[in-house]
Amino acid sequence: MMDALRVLLETSTFNEVLRGLAISILLAKLTQSTISSSKSQGSTFITASGFILIYFFARSWLALVNHYAPEPYLDEVFHIPQAQTYCEGRYHEWDNKITTPPGLYLLSVGWHKLMRLAECTPSSLRSNNLVATLLIALLALSCRRRIEAQTAAGTEKSAVSFYAYHTAINIALFPVIFFFSGLYYTDVASTLVMLVAYRNHLNRVASHSEEPGSLNGLWTVVLGVAALFMRQTNVFWVVVYMGGLEAAHVVKGLKPKPVSKNDTPDFVSENIRDSFSFWLRRYAVGDVHDPPVDMAWPDDWTLCLLSIGIAALCNPLRVLRQVWPHITIMGLFAGFVAWNGGVVLGDKSNHIATIHLPQMLYIWPFFAFFSAPLLIPCVLSTLGGLITRARSTTPSHTTTNNPGRSSWRFTNPLIKSQKSATTKPPQRSGPTPASSSSFSPDTNSSGRGFRFILNLVLSRKLYYPFYLLGTILLSAAIIHYNTIIHPFTLADNRHYMFYIFRYTILRSSSVRLALVAAYTLSRWLIWKRLEGNSPPPLRDLGGETEGLKIMENKLKWRDEFSASPFVTREFYGPKTINDDEQQKNIKDKHKGEKKKEEEEEEEEEEWLIGGAFTTLSLSSTQPSPATSSPPTSTVLLWLLTTTLSLVTAPLVEPRYFILPWVFYRLLVPAMPVSSSLISSGSSASAASSTTDSGNGDGNAAALAARQQQKGNGKRRLLWKFLRRTDASLALEMVWFLAINIGTMYMFLFKPFFWKTASGEMLDGGRLQRFMW
């Protein structure tokens with residue numbers, strides 16, 4: 001360890017430190033360049049600190065790798081010589097053992113020419129990924145900002161949440177990405193190029209009113225081809241994920257005219273043909289069913305895909321004008337496959353595409369392990385909800401008298417959503433009595449009975465236990481019939497996956513089946529985290545009114561995006577919140593008097609905590625864009641793309657999960673501290689200050705008051721900081737740093753030799769090292 005410390009001190013020269021600080025401050029300035037806030041200067045230091053952490057941590061890792069493993073290691077044995085061949089200008093020479101396209105080597109040639117480096121050494125080639133890791137943080141921040149801007153209104157679109165910034169830093173520190181920042185592998189550069197393409201995609205769907213121009217379409221094709229030059233499987237993310245999102249964006253922007261209350265059929269009481277014809281017409285004109293994922297169930301997933309698919313098929317020209325770049329990329333990739341005789345460039349015998357469904361089981365424990373700190377609020381919220389339900393003796397909400405109708409959409413015509421003006425208005429305006437309906441009633445009693453039962457099962461989600469049972473049985477069947485053990489997994493004990501398989505999947509068939517419980521639980525936790533901040537039981541934090549307000553607001557959001565004949569409001573939340581008097585009492589409880597002399601202190605506090613960052617807890621009825629759950633269509637397209645990119649790979653490697661994890665992490669919403677808790681803390685601080693300053697007299701009383709006020713100021717600063725952050729992200733950062741330090745230690749200081757049973761050295765006596 002002393003030798004490692006010596007290496008770090010020798011490489012940490014004054015010029016190197018200045019270079020790192022300059023790069024970090026420059027990146028921080030770039031993140032603040034579009035923020036119109038007089039307090040943005042106060043956030044520059046905070047923003048730069050994250051980039052400083054990444055730079056010096058990655059720089060130290062690179063220096064140690066170059067010292068302890070100066071020669072190409074493992075796959076670097078193929079990548080580094082090929083890059084050096086390109087650096088010498090011999091672009092026609094190719095190593096047939098390399099399976100990925102030459103994008104990484106072309107980037108390295110360009111980087112070396114830009115920096116005027118004379119020779120492509122292993123050290124200089126590895127340093128490319130250090131720069132790429134910093135840019136990953138910058139691009140991740142830009143992407144997360146645009147995701148939040150899609151649900152922001154007014155001036156918030158130009159704001160940056162601290163959650164977006166912290167998320168970007170953590171993505172760059174993701175252990176599987178960070179580990180390869182010190183080695184010459186394709187994964188870091190591939191992730192960077194994909195984030196550039198994703199940022200361009202988010203710019204293309206930033207507005208419903210403006211279509212991307214032809215030049216942007218050509219740029220999209222260029223970025224897509226660049227992504228394919230990094231890894232072949234990137235085609236799924238460019239074509240299926242981003243192309244699918246753009247198609248959904250087009251149909252959701254059609255904005256059909258609302259229908260009258262008499263023109264909406266009742267699924268139970270009226271003719272089934274009229275009902276199906278009505279919904280088909282509504283879907284065809286763009287009245288799609290795409291609620292936020294936290295308000296969606298499996299039947300919503302089906303309706304979401306069905307409605308968007310029908311809308312796209314009925315509006316082909318609109319969709320084609322948007323997605324033609326992605327179709328072009330798909331055509332180019334198909335031409336490459338035909339020319340190459342397959343997807344893999346070289347070593348085709350060991351990389352034969354096959355159906356490997358267990359990959360979609362293995363991914364959930366992988367996500368749950370790395371997202372463990374983010375799952376803590378989900379676990380606590382679930383346990384709190386179970387405890388509250390167990391203690392409760394009264395119903396939590398009233399029910400509707402019309403279970404056959406989407407009661408929330410029909411009984412709240414005057415509610416206007418707080419979402420941006422680009423979203424479409426509610427599609428219906430009020431409840432429709434059966435007697436006044438323009439549709440013919442169904443006199444077939446058996447048909448009405450069947451539809452009543454079907455509607456009851458779907459609206460009250462009575463099918464959900466069977467859905468869970470079905471997923472468990474399907475997982476067991478996949479494990480029994482489709483488990484594939486690639487020879488590389490068993491032959492190479494340098495990878496952590498070798499030991500995971502050895503002590504779990506390879507032990508016995510019963511252990512494999514027992515792991516279904518872990519897969520199911522992990523999948524449920526990850527999905528819950530994507531749903532975000534569900535209203536928790538708040539009886540101990542200031543009453544249940546806040547939870548009711550949050551649920552009311554969520555239902556407003558659902559009203560804008562719900563187009564289902566089965567949705568009933570009583571399943572999703574209370575029919576009415578408490579009366580205005582109770583709300584007024586809660587507001588009065590959280591209201592505090594502010595003095596003029598405190599305003600200057602608050603301005604200084606805002607500067608200290610980064611005033612340019614928006615709060616996560618704007619209010620209980622107006623959630624921050626950072627806390628908004630992604631649309632159901634986005635999550636389903638992410639799941640589909642993840643499936644397509646993984647199930648064709650027979651080899652299980654953590655590196656294959658990088659892009660699915662990055663896009664998942666960008667979609668995860670913030671889960672801030674409860675606004676009632678923050679308000680209570682702020683009010684308590686203010687009240688304590690006022691009370692204490694009025695007690696006593698003379699210098700002693702004044703001194704005591706000033707000391708108390710100073711203490712309250714610190715508490716107030718803490719509360720203001722909590723309004724801008726998600727505490728689980730700090731735990732995630734610590735978790736990632738701990739994993740990174742552990743894997744770095746194992747790679748650098750725990751090498752071993754391959755030996756035969758008789759003690760003969762294998763692989764030429766070279767050191768072997770543990771890695772992902």
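Worth knowing before you read on, the calculation uses all heavy atoms, side chains too, and leaves out hydrogens, waters and symmetry mates.
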Practice task
Check whether the side chains of Asn200 and Asn216 place a donor and an acceptor atom closer than 3.5 Å, and report yes or no.
Solution key: yes

Exercise for the section: Identify the heavy atoms of Ile526 and Ala368 that sit nearest to each other, and give their distance. Expected result: CD1-N, 3.9 Å

Handout entry: Leu666 side chain near Leu195 side chain, heavy-atom distance below 4.5 Å
Key = yes

Completion exercise
Rounded to the nearest 0.5 Å, the CG atom of Leu141 sits from the CD1 atom of Ile171 at a distance of 9.5 Å

Fill in the blank from the handout: Rounded to the nearest 0.5 angstrom, the CZ-OG1 distance for Arg769 and Thr743 is 13.5 Å

Exercise for the section: Quick one: closest heavy-atom pair of Pro325 and Arg204, and the distance? Expected result: CG-NH2, 3.8 Å

Practice task
Please state whether the rings of Tyr105 and His79 are parallel, tilted or perpendicular, taking 30° and 60° as the class boundaries.
Solution key: tilted

Exercise for the section: Just say parallel, tilted or perpendicular for the rings of Tyr185 and Phe180, cut-offs at 30° and 60°. Expected result: tilted

Handout entry: Salt-bridge present (Glu148, Arg145; N to O < 4.0 Å)
Key = no

Practice task
For Ser190 and Arg231, test the side chains for any donor-to-acceptor distance below 3.5 angstrom and give the result as yes or no.
Solution key: no

Practice task
Step by step, work out the side-chain contact (heavy atoms from CB on, under 4.5 Å) result for Asp492 and His495.
Solution key: CA-CA 6 Å; Asp492 198 338; His495 295 283; 3.5 Å; yes

Handout entry: Rounded distance (nearest 0.5 Å) linking atom CG of Leu646 with atom CZ of Phe236
Key = 9.5 Å

Practice task
State, yes or no, whether a side-chain contact exists between Leu345 and Thr100 at a heavy-atom distance under 4.5 Å.
Solution key: no

Problem - Side chain to side chain, Ile177 and Val662, heavy atoms closer than 4.5 Å - result: yes

Problem - Ionic contact status for Lys97 with Asp95, cut-off 4.0 Å - result: no

Completion exercise
Taking every heavy atom of Cys143 against every heavy atom of Leu202, the minimum-distance pair comes out as O-CD1, 3.4 Å

Exercise for the section: May I ask you to check whether Phe370 and Phe366 place their ring centres under 6.0 Å from each other? Expected result: yes

Exercise for the section: Go through the side-chain N and O atoms of Asn129 and Ser181 and say whether any donor and acceptor fall under 3.5 Å apart. Expected result: no

Exercise for the section: Check the surroundings of atom CH2 in Trp219: do more than 12 heavy atoms from other residues, nucleotides or ligands lie under 6.0 Å from it? Expected result: no

Problem - Parallel, tilted or perpendicular: rings of Trp638 and Tyr664 (30°, 60°) - result: tilted

Handout entry: Arg146, His249, Glu246 screened by side chain to side chain donor-acceptor pair (under 3.5 Å) with His201, the one that passes
Key = Glu246

Handout entry: Interatomic spacing from NE2 in His326 to OH in Tyr241 - rounded to 0.5 Å
Key = 12.5 Å

Practice task
Check whether the ring centres of Tyr362 and Phe657 lie less than 6.0 Å apart, and answer yes or no.
Solution key: no

Practice task
For the pair Tyr73 and Arg494, evaluate side-chain contact (heavy atoms from CB on, under 4.5 Å) and give the outcome as yes or no after the intermediate values.
Solution key: CA-CA 11 Å; Tyr73 180 71; Arg494 295 171 292 185; 3.3 Å; yes

Problem - Tyr55 OH to Leu62 CG distance, which is reported to the nearest 0.5 Å - result: 9.5 Å

Problem - Side-chain donor-acceptor contact under 3.5 Å, Arg59 with Thr11 - result: no

Problem - Nearest heavy-atom neighbours spanning Thr220 and Ile329 - result: O-CD1, 3.7 Å

Practice task
Report the relative orientation of the aromatic rings in His166 and Phe162; use parallel for angles under 30°, tilted for 30 to 60°, perpendicular for over 60°.
Solution key: perpendicular

Exercise for the section: Assess whether side-chain contact (heavy atoms from CB on, under 4.5 Å) is satisfied between Ile52 and Leu21, documenting all intermediate values. Expected result: CA-CA 7 Å; Ile52 290 172; Leu21 293 176; 3.7 Å; yes

Problem - Val17 to Ser12 - nearest heavy-atom pair and separation - result: CG2-O, 4.3 Å

Practice task
Answer with yes or no after comparing the ring centroid distance for Phe57 and Phe178 against a 6.0 Å cut-off, counting only values under it.
Solution key: yes

Handout entry: Side-chain (Ser629) to main-chain (Glu531) donor-acceptor, under 3.5 angstrom
Key = yes

Practice task
Apply the test side-chain contact (heavy atoms from CB on, under 4.5 Å) to residues Leu729 and Met733: give CA-CA distance (whole Å), side-chain angles for both, the deciding distance (0.1 Å), then the verdict.
Solution key: CA-CA 6 Å; Leu729 263 68; Met733 175 180 283; over 6 Å; no

Handout entry: Among Tyr745, Tyr496, Phe747, ring-ring contact (aromatic ring centres under 6.0 Å, His included) partner for Phe179
Key = Phe747

Handout entry: N/O donor-acceptor pair under 3.5 Å between Thr634 side chain and Pro630 backbone
Key = no

Exercise for the section: On the 0 to 90° scale, with breaks at 30° and 60°, tag the Trp661-Phe174 ring pair as parallel, tilted or perpendicular. Expected result: parallel

Completion exercise
OG of Ser123 to NE2 of His67, rounded to nearest 0.5 Å, is 13.0 Å

Completion exercise
For residues 106-118, the side-chain hydrogen bond (donor to acceptor under 3.5 Å, both in side chains) pairs (sequence neighbours left out) are Ser108-Asn128, Ser108-Tyr184, Trp111-Asn128, His112-Ser124

Handout entry: Whether Arg144 side chain and Ala168 backbone form a donor-acceptor pair below 3.5 Å
Key = no

Handout entry: Smallest separation among heavy atoms of Met230 and Leu104, with atom names
Key = CE-N, 3.7 Å

